[in-house]
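To keep things clear, I will list the structure first and then write my remarks on it.
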Amino acid sequence: MKFSAVKGMRDVYPEDARLRNYILDAWRRVSLRNGFEEYDAPILEYLELFTVKSGPEIAEQLFGLTDRGGRNLAIRPEITPSLARMVAAKINALPRPIKWFSLPRLCRAERPQRGRLREFFQWNVDVIGVESVQADAECIFTLVDFLREVGLSPAEIMVRVGSRPIVLSLLRREGVCEEAMDKALLALDKRQKIPAEAFEAMLREIGVSAGAIAGLCEFLDTPPERIVQRIADSGLPGAEKEIADLQELESALAAMGVKEYIAFDLHIVRGLAYYTGVVYEAIAAGERAVAGGGRYDRLLELVGGPECPATGFGMGDVVLGLLLAEKGKLPPELTAGSLEFYVIDAEEGTFRQVLDITARLRAAGRSADYGFKRQGMGKQLKEADRRGSKFAVLVRREGLSVKTLATGEQTETTAETFLEKIR
RNA sequence: GUGGCUGUAGCUCAGUUGGUUAGAGCAUCUGGUUGUGGUCCAGAGGGUCGUGGGUUCAAAUCCCAUCAGCCACCCCA
């Protein structure tokens, strides 16, 4: 073969498209029922929109191009900067709260590996213009609502919730200086994946005492159901508001009935520095994070807008697809096509009636198909089965039969009464 | 970006110490049978052995490069 798909980008055959549509449909359905409205943005943006948020190094990680006017453009690696730009542009005209979602196709020029491709879809859910932690609760609830929708249980996936400012305050109290803060956050993020000694070594390297490390570990290991109270009791300096927020978040999520999916966990810090409050990730054993998000109150200012609170999360389709397949959560109709009626000429000379009936089924909005080739009824029924059809319509010169493929049940009727019942 | 593993039909693989026209199952297509289905039978198509060099009388098999996939880092918006 002369050509193949570009590295990290995949061809979407019908069976792949069925999976992808299943995911996108569920994302959209859940978003809408939680009161979010859909938006989209251009697939190309000025390169600077991304570098202003993530630093100039980010340019290496994305697909860039120069247009004929010499402008530096990039295929969007995320949609949040576009969202910030769009909201900032109409900030005074938009009714609050702004609850928006999007299902953008994104590209990142990273090295592909399991669960990470260079082109993918990502569900984004954001609430903008609301300072209250209730906005964070709303996003987290929507995330859990989706997990339930696709049949993932708390035993299979949990949303781990942390707080950037609380962690910062805690680390400061344990003697981490501001310059070493990034390294400390990195160590925290890695703690679950590396040996205890390696974690301690990382903290000692930035000057944290052995006693402080032990105290920190003991604090971090507080069970999720008690840690919020423990944080409140410890009265971390400078984080009073965030502590109250975390308590409010815990009680809001409990009131919304999603408690069993939530685990408060200060190891969750998220990579980018732009998070300013609550942060969270949906984590399933054995996979990279399925979703991640948090509060980012400074982003609108970064793109030249006014000061405006914002919070939200993103979820990629690749890891999610792997997880659903692994856990056997994909509906069976995804493996076969789905068709309602397969129309068969059960007697010679009835092909014109097959065409007529098929066309009228389609006109009535039902999915119907027939074979291009005239062959025996056995082969046609086999084809109906292979197509995943629900019913076979057997057309005779006088009357027709409607056969339910799954049960083999068959009812006799006439073309007119059949079509009458259909509409 | 760094390191490692892998690469034979659409898929899963076989292919003896390098040695004639590279095989199987599944899938696909065709025909037959069952003649209202999930069978069964027969046949066919499909591979320049990822690609390009090199060693050799001879390379799927050995060497180098390159591409792609996977794994671990980096990163994860």
Side-chain angles (χ1 to χ4, degrees), chain A residues 1-11 13-15 45 49-55 57-62 74-84 104 106-118 120 122 124 126 182 185-186 189-190 193-194 198 268-275 279 281 283 286-294 296 299 302 312-316 318-319 322 336 342 344-348 371 373 375-396 400-412:
Chain A
M1 200 69 98
K2 196 171 176 182
F3 296 107
S4 62
V6 170
K7 176 182 173 129
M9 311 216 164
R10 282 203 303 200
D11 295 324
Y13 288 90
E15 54 178 315
E45 291 278 4
L49 180 67
F50 303 117
T51 55
V52 78
K53 175 191 158 202
S54 307
E57 323 78 57
I58 199 75
E60 317 255 318
Q61 305 243 46
L62 40 78
I75 300 177
R76 60 188 179 192
E78 57 171 330
I79 201 172
T80 314
S82 307
L83 169 67
L106 308 176
C107 291
R108 298 176 183 176
E110 292 178 298
R111 188 158 188 158
Q113 50 182 276
R114 180 184 156 84
R116 186 198 277 180
L117 299 174
R118 290 181 156 191
F120 55 94
Q122 188 183 68
N124 278 77
D126 293 276
D182 284 355
L185 291 173
L186 186 69
D189 185 51
K190 290 212 178 308
K193 298 175 217 156
I194 61 176
I268 303 298
V269 295
R270 304 284 300 157
L272 265 264
Y274 86 114
Y275 285 110
V279 286
E281 290 181 348
I283 298 175
E287 293 286 355
R288 60 182 78 240
V290 174
Y296 54 96
L299 186 60
L302 272 178
F313 70 87
M315 175 188 287
V318 182
V319 178
L322 287 172
Y342 194 82
I344 291 169
D345 48 341
E347 280 178 2
E348 254 177 70
K373 207 168 38 180
Q375 48 186 4
M377 210 191 315
K379 285 251 154 99
Q380 291 191 75
L381 275 162
K382 192 174 169 172
E383 180 65 10
D385 185 52
R386 195 182 67 82
R387 292 287 299 277
S389 185
K390 252 177 108 178
F391 303 103
V393 180
L394 309 179
V395 182
R396 287 190 211 76
L400 57 72
S401 311
V402 179
K403 187 181 178 80
T404 308
L405 274 304
T407 61
E409 273 177 90
Q410 193 166 318
T411 55
E412 308 303 316

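The sequence lines fix the lettering, A, B, ..., with proteins before strands; numbering per chain opens at 1.
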Can you pull every protein N or O that's under 3.5 Å from an N or O on nucleotides 25-30 of chain B?
| residue | atom | partner | partner atom | Å |
| --- | --- | --- | --- | --- |
| B:U30 | OP1 | A:K373 | NZ | 2.6 |

Do any N or O atoms of the protein come closer than 3.5 Å to N or O atoms of nucleotides 33-37 of chain B, and which pairs are they?
| residue | atom | partner | partner atom | Å |
| --- | --- | --- | --- | --- |
| B:U36 | O2 | A:K403 | NZ | 3.1 |
| B:U36 | O2 | A:Q410 | OE1 | 2.9 |
| B:U36 | N3 | A:Q410 | OE1 | 3.2 |
| B:U36 | N3 | A:Q410 | NE2 | 2.9 |
| B:U36 | O4 | A:R396 | NH2 | 2.6 |
| B:U36 | O4 | A:Q410 | NE2 | 3.2 |
| B:G37 | O6 | A:L405 | O | 3.1 |
| B:G37 | O6 | A:G408 | N | 3.4 |
| B:G37 | N1 | A:L405 | O | 2.4 |
| B:G37 | N2 | A:D385 | OD1 | 2.8 |
| B:G37 | N2 | A:L405 | O | 3.4 |

Strictly under 3.5 Å: I want the nitrogen or oxygen pairs between protein and nucleotides 2-10 of chain B, one per line.
| residue | atom | partner | partner atom | Å |
| --- | --- | --- | --- | --- |
| B:U2 | O4 | A:R111 | NH1 | 2.8 |

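Taking A:E383 as the reference, A:Y342, A:R386, A:R387 meet the side-chain contact (heavy atoms from CB on, under 4.5 Å) condition, with sequence neighbours excluded. Applying the side-chain contact (heavy atoms from CB on, under 4.5 Å) criterion to A:E57, with sequence neighbours excluded, gives no partner residue.
With rounding to the nearest 0.5 angstrom, the CZ atom of A:R108 is 9.0 Å from the CD atom of A:Q61.
In this structure, the side chains of A:S54 and A:E78 come closer than 4.5 Å at one or more pairs of heavy atoms.
With RNA chain B read from its 5' end, the first of the two nearest nucleotides for A:V6 and A:I58 is the one closest to A:V6.
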Using Watson-Crick or G-U wobble pairs with both distances under 3.5 Å, give me RNA chain B in dot-bracket, 5' to 3', with [ ] for crossers and | for pairs to another strand.
-> (((((((..((((.....[...)))).(((((.......))))).....(((((..]....))))))))))))....
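In this entry the distance linking CZ of A:R118 with C1' of B:A68 reads 11 Å, nearest Å. With rounding to whole Å, A:R116 atom CZ is found 9 Å from B:C76 atom P. One atom, CD1 of A:I79, and another, C1' of B:A77, lie 13 Å apart when rounded to the nearest Å.
Checked by atom type, the side-chain pair A:D345/A:Q380 shows a donor-acceptor distance below 3.5 Å.
Between A:K7 and B:C70 there is no side-chain N or O to OP1 or OP2 distance below 4.0 Å. The shortest distance between the side-chain N/O atoms of A:R270 and the OP1/OP2 oxygens of B:A77 is below 4.0 Å.
Ring geometry for A:Y274 against A:Y296 counts as tilted: the plane angle lies between 30° and 60°, on a 0 to 90° scale.
Between the C1' atoms of B:G53 and B:G31, the separation comes to 47 Å (whole Å). With both ends at atom C1', the span from B:A14 to B:A24 equals 7 Å, rounded to whole Å.
For B:G35, the O4'-C1' to base torsion is within 90° of 0; the nucleotide is therefore syn.
Nucleic acid contact for A:G312: none, since no nucleic acid atom lies under 4.0 Å from a heavy atom of the residue.
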